[in-house]
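Remarks on the structure that follows.
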Amino acid sequence: MGTLTEENTSKRIKTKNWDIHYHEAGQGDPLILVHGGGPGASGWSNFHPNIPYLSEKFRVFALDLPGWGKSQAVKYDQRDNSGVLAEFIEALGLGKVAIVGNSMGGSSCIRLAYERPELVSHLITLGSSAGVPTRVRQLKPQLIDL
């Protein structure tokens with residue numbers, strides 16, 4: 001593919017509930033990169049320096065969650081980041097994926113791994129809250145035994 005740019009990796013997919021913009025590069029096992037929630041955050045802004053290296057071994061997806069980047073606009077109370085991730089993985093038929101989340105994206109990935117463990121093979125978070133839903137604390141207290 002040559003040099004990876006924002007333009008030549010840019011794609012869109014319409015899932016059941018979302019219009020998602022993402023960047024794709026490489027071949028191999030799927031690796032999803034999920035951005036944080038800071039001003040101007042997007043898959044490209046958070047991860048573009050990493051994509052060329054990761055795409056040498058993986059099929060990399062850096063998506064823009066709805067409300068960020070070039071994905072559909074949503075109101076705060078309409079956000080369902082873990083649901084977006086699940087629909088994205090299923091719409092592309094990726095099966096189990098490795099997923100990396102930065103800050104808010106990491107929290108969304110943790111929630112996805114809890115809600116839909118059959119979709120996640122590996123989970124890496126960067127600067128993410130390890131907040132565990134009350135329901136998990138009640139069911140599995142060993143998860144929060146730090």
### Message
Test: salt bridge (charged side-chain N to carboxylate O under 4.0 Å, His left out). Region: residues 12-23. Which pairs qualify, not counting sequence neighbours?
### Response
Arg12-Asp19

### Message
Taking side-chain contact (heavy atoms from CB on, under 4.5 Å) as the definition, give me every residue that meets it alongside Ser55, ordered by chain and number, with sequence neighbours left out.
### Response
Leu4, Ala25, Val60

### Message
Restricting to side-chain hydrogen bond (donor to acceptor under 3.5 Å, both in side chains), what partner residues turn up for Asp80, sequence neighbours left out?
### Response
none

### Task
Return each pair, listed once, that meets ring-ring contact (aromatic ring centres under 6.0 Å, His included) where at least one residue sits in residues 85-106; pairs must be two or more places apart or across chains.
Tyr22-Phe88, Phe61-Phe88

### Task
For Ser82, enumerate each residue passing the side-chain hydrogen bond (donor to acceptor under 3.5 Å, both in side chains) test, keeping only those at least two apart in sequence or located in another chain.
Glu115

### Exceeds 12 heavy-atom contacts within 6.0 angstrom, atom CD of Gln27
no

### Summary
Sequence neighbours excluded, the answer for salt bridge (Lys or Arg N to Asp or Glu O under 4.0 Å) partners of Asp29 is none

### Task
State, yes or no, whether a side-chain contact exists between Leu63 and Ile32 at a heavy-atom distance under 4.5 Å.
yes

### Message
Under the criterion side-chain contact (heavy atoms from CB on, under 4.5 Å), I'd like the reasoning laid out for Val100 against Val34: C-alpha separation, chi angles, the key distance, then a yes or no.
### Response
CA-CA 6 Å; Val100 177; Val34 186; over 6 Å; no

### Query
Any side-chain heavy-atom pair from Ile13 and Leu92 closer than 4.5 angstrom?
yes

### Task
From the options Leu85, Ile110, Ile99, Ile89, select the one residue that forms a side-chain contact (heavy atoms from CB on, under 4.5 Å) with Val120.
Ile99

#### Entry: Sidechain-backbone polar pair: Ser10 side chain, Asn8 backbone, donor-acceptor under 3.5 Å
no

With a cut-off of 3.5 Å and sequence neighbours excluded, list every side-chain donor-acceptor pair involving residues 36-49.
{"residue": "Ser42", "atom": "OG", "partner": "Trp44", "partner atom": "N", "Å": "3.4"}
{"residue": "Ser42", "atom": "OG", "partner": "Ser45", "partner atom": "N", "Å": "3.0"}
{"residue": "Ser42", "atom": "OG", "partner": "Ser45", "partner atom": "OG", "Å": "3.3"}
{"residue": "Ser45", "atom": "OG", "partner": "Gly40", "partner atom": "O", "Å": "3.4"}
{"residue": "Ser45", "atom": "OG", "partner": "Ser42", "partner atom": "N", "Å": "2.9"}
{"residue": "Ser45", "atom": "OG", "partner": "Ser42", "partner atom": "O", "Å": "3.3"}
{"residue": "Asn46", "atom": "OD1", "partner": "Gly36", "partner atom": "N", "Å": "2.7"}
{"residue": "Asn46", "atom": "OD1", "partner": "Asn102", "partner atom": "ND2", "Å": "2.9"}
{"residue": "His48", "atom": "ND1", "partner": "Trp44", "partner atom": "O", "Å": "2.9"}

### Task
Could you name each residue pair satisfying salt bridge (charged side-chain N to carboxylate O under 4.0 Å, His left out) that touches residues 85-110, not counting sequence neighbours?
Glu90-Arg116

### Query
Can you name the residues that form a side-chain hydrogen bond (donor to acceptor under 3.5 Å, both in side chains) with His35, not counting sequence neighbours?
none

### Query
So do His21 and Trp68 actually touch side chain to side chain, heavy atoms under 4.5 Å?
no

### Task
Using modelled atom types only, decide if a donor and an acceptor are shared between the side chain of Ser108 and the backbone of Met104 within a distance under 3.5 Å.
yes

## Note on the structure
residues 58-76 vs salt bridge (charged side-chain N to carboxylate O under 4.0 Å, His left out), sequence neighbours excluded, gives Glu6-Lys70, Glu24-Arg59

### Message
If I take atom CG from residue Leu94 and atom CG from residue Leu119, how far apart are they, to the nearest 0.5 angstrom?
### Response
9.5 Å

### Query
Is Glu56 close to Leu54 at the side-chain level, that is, under 4.5 Å between some pair of heavy atoms?
no

### Message
Quick check: do Leu123 and Leu112 have side-chain heavy atoms less than 4.5 Å from each other?
### Response
no

